[in-house]
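In what follows, every heavy atom counts, from backbone to side chain, and hydrogens, waters and symmetry copies are set aside.
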Number of protein chains: 2
Amino acid sequence: MYYLNGKKYKCSVSITMDIFNDRWKLAVIWYLLEKDKRFKELSEDINEISQKTLTLKLKELEEKNIIKREVFAEVPPKVVYSLTPIGLKLKFVLKEMFNWGIEYAKENGKIF
Amino acid sequence: MYYLNGKKYKCSVSITMDIFNDRWKLAVIWYLLEKDKRFKELSEDINEISQKTLTLKLKELEEKNIIKREVFAEVPPKVVYSLTPIGLKLKFVLKEMFNWGIEYAKENGKIF
DNA sequence: CAGGATCCATTACGATACTG
DNA sequence: CAGTATCGTAATGGATCCTG
């Protein structure tokens with residue numbers, strides 16, 4: 001039994017599902033696995049996302065201690081996002097999602 | 001490059017994210033990994049989900065060839081859902097989500 | 001550059017009642 | 001039992017404009 005932010009979870013998998021229950025958070029993690037990124041870089045990586053939504057998702061991930069936000073006192077401003085240790089461990093999840101995507105495409109799509 | 005259902009994907013991970021971009025599909029898979037299930041069993045497993053949404057998600061998963069729906073001509077009706085071979089392979093993803101949830105709870109929650 | 005503030009459209013989801 | 005149908009709400013996300 002787990003207790004987290006005022007919620008109870010019977011199983012640890014529910015915790016993960018509960019955090020990543022939207023379209024974008026895992027995508028952000030995916031691109032942060034490449035390297036630390038600035039706001040604009042992320043926004044170009046995930047080019048379907050709006051600024052507003054990206055801002056929101058970054059804030060949520062920071063609150064949940066999954067990414068870190070660093071502000072550099074420069075002009076123009078520079079803000080760098082990176083994965084925390086626990087955030088970095090999501091690479092195992094994403095690796096399996098990557099693998100499964102390939103398998104799924106083999107059966108149901110075209111690869112070229 | 002992948003081509004699937006009229007959409008292009010640069011990376012296989014996007015395929016997976018695109019399918020499981022809602023709150024419930026992965027939960028359905030999770031409970032089907034235990035064993036084949038009837039509609040009512042799933043609805044009791046995931047007790048926060050409404051009938052309507054469960055129906056919808058099962059339909060979507062069936063269309064995507066991830067689960068199989070079998071109807072038995074009985075009274076009262078019996079419908080059994082099971083994972084297809086590709087659906088079964090999601091266990092690797094879910095296992096990593098399970099593991100990550102534990103790690104996350106260790107740092108950010110209470111376990112008891 | 002890195003957002004904040006508004007306004008608006010979509011859709012996801014839930015509650016309830018009903019059916020073969 | 002396994003859904004459908006309908007209605008209503010809440011959450012999500014997008015477009016645009018603005019600022020330190």
Q. Which whole-number value in Å describes the distance from Leu54(A) CG to dA2(C) C1'?
A. 10 Å
Q: Decide, yes or no, whether a salt bridge links Glu44(B) with Lys40(B) under the criterion of side-chain N to carboxylate O below 4.0 Å.
A: yes
Q) In Å, rounded to the nearest 0.5 Å, how long is the span from CG of Leu61(A) to NZ of Lys68(A)? A) 15.0 Å
Q.
Over the length of the helix from dC1(C)-dG20(D) to dG20(C)-dC1(D), how much do the five-pair end axes diverge, rounded to 10 degrees?
A. 60°
Q: Using only side-chain N and O atoms of Arg38(A), determine if any of them is under 4.0 Å from OP1 or OP2 of dA2(C).
A: yes
Q: Might you work through the salt bridge (charged side-chain N to carboxylate O under 4.0 Å, His left out) test for Glu60(A) and Lys57(A), ending with a clear yes or no?
A: CA-CA 5 Å; Glu60(A) 289 176 6; Lys57(A) 295 306 161 186; 3.4 Å; yes
Q) Going by number, which of residues 57-70 of chain B have a non-hydrogen atom under 4.0 Å from DNA chain D? A) Lys59(B), Arg69(B)
**Q.** Base versus backbone protein contacts along nucleotides 5-10 of chain C [heavy-atom cut-off under 4.0 Å; B, S, -]
**A.** -BB---
**Q.** Sequence neighbours excluded, every pair satisfying side-chain hydrogen bond (donor to acceptor under 3.5 Å, both in side chains) that has a member inside residues 84-93 of chain A
**A.** Lys89(A)-Glu103(B)
Q. Which residues pass the side-chain contact (heavy atoms from CB on, under 4.5 Å) test with Ile111(A), sequence neighbours left out?
A. Ala105(A), Lys106(A), Tyr2(B)
Q) When all nucleic acid strands are considered with a 4.0 Å heavy-atom cut-off, which category describes Tyr81(B): base, sugar-phosphate, or nothing? A) sugar-phosphate
(Q) Just to verify, what does Lys64(B) make a side-chain contact (heavy atoms from CB on, under 4.5 Å) with, not counting sequence neighbours? (A) Tyr104(A), Ile19(B), Ile66(B)
Q: Name the nucleic acid region contacted by Glu48(B), choosing base, sugar-phosphate or nothing; use a 4.0 angstrom heavy-atom cut-off, strictly under.
A: sugar-phosphate
Q) When clusters are formed from ILVMFWY side-chain contacts under 4.5 Å, directly or step by step, what else is grouped with Val75(B)? A) none
**Q.** Counterpart residues, salt bridge (Lys or Arg N to Asp or Glu O under 4.0 Å), relative to Asp36(B) (two or more places apart)
**A.** none
Q. Any ring pair (Phe, Tyr, Trp, His ring centres under 6.0 Å) pairs touching residues 3-27 of chain B, not counting sequence neighbours?
A. Trp100(A)-Phe20(B)
Q | Co-members of Val80(A) in a cluster of I, L, V, M, F, W and Y side chains, linked at under 4.5 Å | A | Phe72(A)
**Q.** Within residues 11-29 of chain B, residues whose heavy atoms come under 4.0 Å of DNA chain D
**A.** none
Q: Would you grab the first and last nucleotide of DNA chain D (5' to 3') that comes under 4.0 Å of any non-hydrogen atom in chain A?
A: dG13(D) to dG20(D)
